[in-house]
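Written below as structure tokens is the structure these notes are about.
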Amino acid sequence: ERSMIPKDKLICFCNNATVQDIIDTVKENNITHLDALREIESAPLGDKCESCLENGYENDGYSLACVLSLVQTGQLK
């Protein structure tokens with residue numbers, strides 16, 4: 001399956017979380033909003049430098065919010 005974002009792209013550098021890690025976390029925990037994604041203790045995301053939350057670590061727009069939205073709309077599976 002081809003995706004608009006490579007699934008091995010790091011999104012949360014501080015926690016070494018890739019797009020696929022975030023997809024899995026969202027699905028396993030039925031996440032519907034960014035705050036809920038940040039509150040999962042078993043898979044910490046966006047809790048250190050916080051640059052991955054909205055603008056992306058590389059300021060490229062690939063962020064936790066972006067990946068969450070793409071999963072919710074079925075564009076990332």
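Listed by chain and number, the residues in a side-chain contact (heavy atoms from CB on, under 4.5 Å) with Gln72 are Thr32, Leu68 (sequence neighbours excluded). Residues passing the salt bridge (charged side-chain N to carboxylate O under 4.0 Å, His left out) test with Lys27, sequence neighbours excluded: none. Not counting sequence neighbours, the partners of Glu50 by the side-chain contact (heavy atoms from CB on, under 4.5 Å) test are Arg38, Leu53. In this structure, the side-chain contact (heavy atoms from CB on, under 4.5 Å) partners of Ser51, at least two apart in sequence or on a different chain, are Cys49, Tyr57. Residues passing the side chain to side chain donor-acceptor pair (under 3.5 Å) test with Thr25, sequence neighbours excluded: none. Asn30 is linked by a side-chain contact (heavy atoms from CB on, under 4.5 Å) to nothing, counting only residues two or more places apart in sequence or in another chain. Judged as a side chain to side chain donor-acceptor pair (under 3.5 Å), and not counting sequence neighbours, Ser42 has no contacts.
The ring pair (Phe, Tyr, Trp, His ring centres under 6.0 Å) analysis of residues 19-50, with sequence neighbours excluded, yields no pairs. Among pairs with a residue in residues 52-65, those fulfilling salt bridge (Lys or Arg N to Asp or Glu O under 4.0 Å) read Lys9-Glu58, Lys9-Asp60, at least two apart in sequence or across chains. Sorted pairs that involve residues 64-73 and meet salt bridge (Lys or Arg N to Asp or Glu O under 4.0 Å), not counting sequence neighbours, are lacking altogether.
Side-chain contact between Ile40 and Leu45 is absent, with no heavy-atom pair separated by less than 4.5 Å.
Annotation: the span from Glu39 atom CD to Leu34 atom CG amounts to 10.0 Å, rounded to 0.5 Å.
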Which pairs would a plain distance check flag for residues 10-23, meaning a side-chain donor or acceptor within less than 3.5 Å of a matching protein atom at least two apart in sequence or in another chain?
| from | atom 1 | to | atom 2 | distance (Å) |
| --- | --- | --- | --- | --- |
| Asn15 | OD1 | Lys48 | NZ | 2.8 |
| Asn15 | ND2 | Pro44 | O | 3.2 |
| Asn15 | ND2 | Asp47 | OD1 | 2.9 |
| Thr18 | OG1 | Gln20 | N | 3.4 |
| Thr18 | OG1 | Asp21 | N | 3.2 |
| Thr18 | OG1 | Asp21 | OD2 | 3.1 |
| Gln20 | NE2 | Asp24 | OD1 | 2.8 |
| Asp21 | OD2 | Thr18 | N | 2.9 |

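Residues Gly61 and Cys66 come closest through the heavy atom pair O-CB, 3.5 Å.
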Steps toward side-chain contact (heavy atoms from CB on, under 4.5 Å) verdict (Val67, Tyr62): CA-CA 7 Å; Val67 174; Tyr62 293 122; 6.0 Å; no

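Under a 3.5 Å cut-off, the side chain of Thr73 and the backbone N or O of Ser69 do form a donor-acceptor pair.
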